[in-house]
Student: 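Sharing a structure below in structure tokens format, with a few things to ask.
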Protein chains: 2
Amino acid sequence: MAANSRLTVAVHVLVWMALVRGRGRDVVTSEQIADSVNTNPVVIRRCLGELRRAGLVDVRHGAGAGWRLIREPESIPLSEVRRAVETEPLFGLHRGEPNQRCPIGAGIRPALEQVYGEVEEAARRALESTSIADVLRETLAPGER
Amino acid sequence: MAANSRLTVAVHVLVWMALVRGRGRDVVTSEQIADSVNTNPVVIRRCLGELRRAGLVDVRHGAGAGWRLIREPESIPLSEVRRAVETEPLFGLHRGEPNQRCPIGAGIRPALEQVYGEVEEAARRALESTSIADVLRETLAPGER
DNA sequence: TCTCGCTGTAACTGTGTCGGTTACACCTAA
DNA sequence: TTAGGTGTAACCGACACAGTTACAGCGAGA
């Protein structure tokens, strides 16, 4: 399958909010964000809903409604964004139960879970070392370190 | 999405082959492996075909046909198995092109590629530290270290 | 109190992947 | 020559995801 783009969209949303907040606009609409991501506002609202549940943004209703970033971009590591929008593990186990009368089928799943857990942890650490503010900086000034 | 199980199936196949080779059977059929994984022989053959292209197994045709492990289980890290059977990256970029007239849309993809590259490398290193022989050991004797 | 703009969510569609299955031509040791 | 297993195409159903339409709900401000 084409790897899914949920993390990419969520990071794009947050980076965009961090940018315009730096310009004084604090409340933005899903339509404005959708224009930058080049997708449908409902897709953005679905994503923002998950980010809200994770405590990264909040929403205001009524006239002048919209979304607001409620955490400092420096304090949002991508690992937290991933946790907010991604539920599936990187690697899946068997779809069906393997043959329990075979010593491999009976014992391989815990062995794989252990390895996959180490991989998840390594990926989490790698994502943790980059923040939304880092991505914003790199986006606006590529290669400057 | 339900995370795909290609890596799991490929590791199961190789671990099973390592087990039975230790018992003196060197040539095995897709049907025998399918019985342990509890799936269809064609699924196993598709997987074995990719492992063959990667140089991990080879195939014999004709009567008494079947597959043979041609590398030492100790020398096959899971990172190599993943490379053999998995083509998609862990995280995908935007499906459509983001808005190039927005500074974020115009610059975010290289920034994300850099981060995602670091994550891929971290995952690769984590998989590299475990071999097929390690998984076999852990499968047969869980927790013994 | 009414209006207006935007949210929240359900529902549906199109597309793509994946595992599973059938079918069959091909190969070669015995 | 035969028998057993491979290699691969073709098709299916299940499922995830992005995209889209539609509409009820909310509340700041007139």
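The chains referred to below are lettered A, B, ... by the order of the sequence lines, with proteins before strands, and numbering in each begins at 1.
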Student: Quiz question: by atom type and distance under 3.5 Å, do the side chains of A:Ser30 and A:Arg45 form a donor-acceptor pair?
Tutor: yes
Student: Can you list, in residue-number order, the parts of residues 19-50 of chain B that come under 4.0 Å of DNA chain D, counting heavy atoms only?
Tutor: B:Thr29, B:Ser30, B:Val42, B:Arg45, B:Arg46
Student: If you count the non-hydrogen atoms of other residues, nucleotides and ligands that lie under 6.0 Å from CD in A:Glu113, is the total more than 12?
Tutor: yes
Student: Mind checking B:Ala63 for me? I need base, sugar-phosphate or nothing, with any heavy atom below 4.0 Å counting as a touch.
Tutor: base
Student: Starting from P on C:dC18, measure out to CG on A:Asn4 and report it in whole angstrom.
Tutor: 12 Å
Student: Could you say whether A:Gly62 or A:Ser5 is positioned toward the 5' end of DNA chain D, judged by the nucleotide with the nearest heavy atom to each?
Tutor: A:Ser5
Student: Write down the distance between CG (B:Leu51) and P (D:dT6), rounded to a whole number of angstrom.
Tutor: 14 Å
Student: Let me check something: any side-chain donor-acceptor pairs from residues 14-24 of chain A under 3.5 Å, sequence neighbours excluded? List them with distances.
Tutor:
residue : atom : partner : partner atom : Å
A:Arg21 : NH1  : A:Leu69 : O            : 3.4
A:Arg21 : NH2  : A:Glu72 : OE1          : 3.3

Student: Starting from the 5' end of DNA chain C, give me the residue, A:Arg53 or A:Gly64, whose nearest nucleotide shows up first.
Tutor: A:Gly64
Student: Specify the separation, in whole Å, of atom CZ of B:Arg6 and atom P of C:dG19.
Tutor: 6 Å
Student: D:dG7 P sits how many Å from B:Arg60 CZ, rounded?
Tutor: 13 Å
Student: Can you check whether A:His61 has a side-chain N or O nearer than 4.0 Å to OP1 or OP2 of D:dA28?
Tutor: no
Student: So for atom CZ, which belongs to B:Arg60, do other residues, nucleotides or ligands contribute more than 12 heavy atoms lying within a distance under 6.0 Å?
Tutor: no
Student: Figure out the CD/P separation between A:Glu86 and D:dA16, and round it to whole Å.
Tutor: 13 Å
Student: Starting from P on D:dC26, measure out to CZ on A:Arg52 and report it in whole angstrom.
Tutor: 13 Å
Student: Would A:Glu86 and A:Asn4 count as having a side-chain donor-acceptor pair, cut-off 3.5 Å?
Tutor: yes
Student: Using whole Å, what does the distance between atom C1' of nucleotide D:dG5 and atom CG of B:Asp58 come to?
Tutor: 15 Å
Student: For B:Glu31, does the CD atom have more than 12 heavy-atom neighbours from other residues, nucleotides or ligands under 6.0 Å away?
Tutor: no
Student: In whole angstroms, how far is the C1' atom of C:dT7 from the CH2 atom of A:Trp67?
Tutor: 7 Å
Student: Any Lys/Arg nitrogen of A:Arg68 or A:Asp26 sitting under 4.0 Å from an Asp/Glu carboxylate oxygen of the other?
Tutor: no
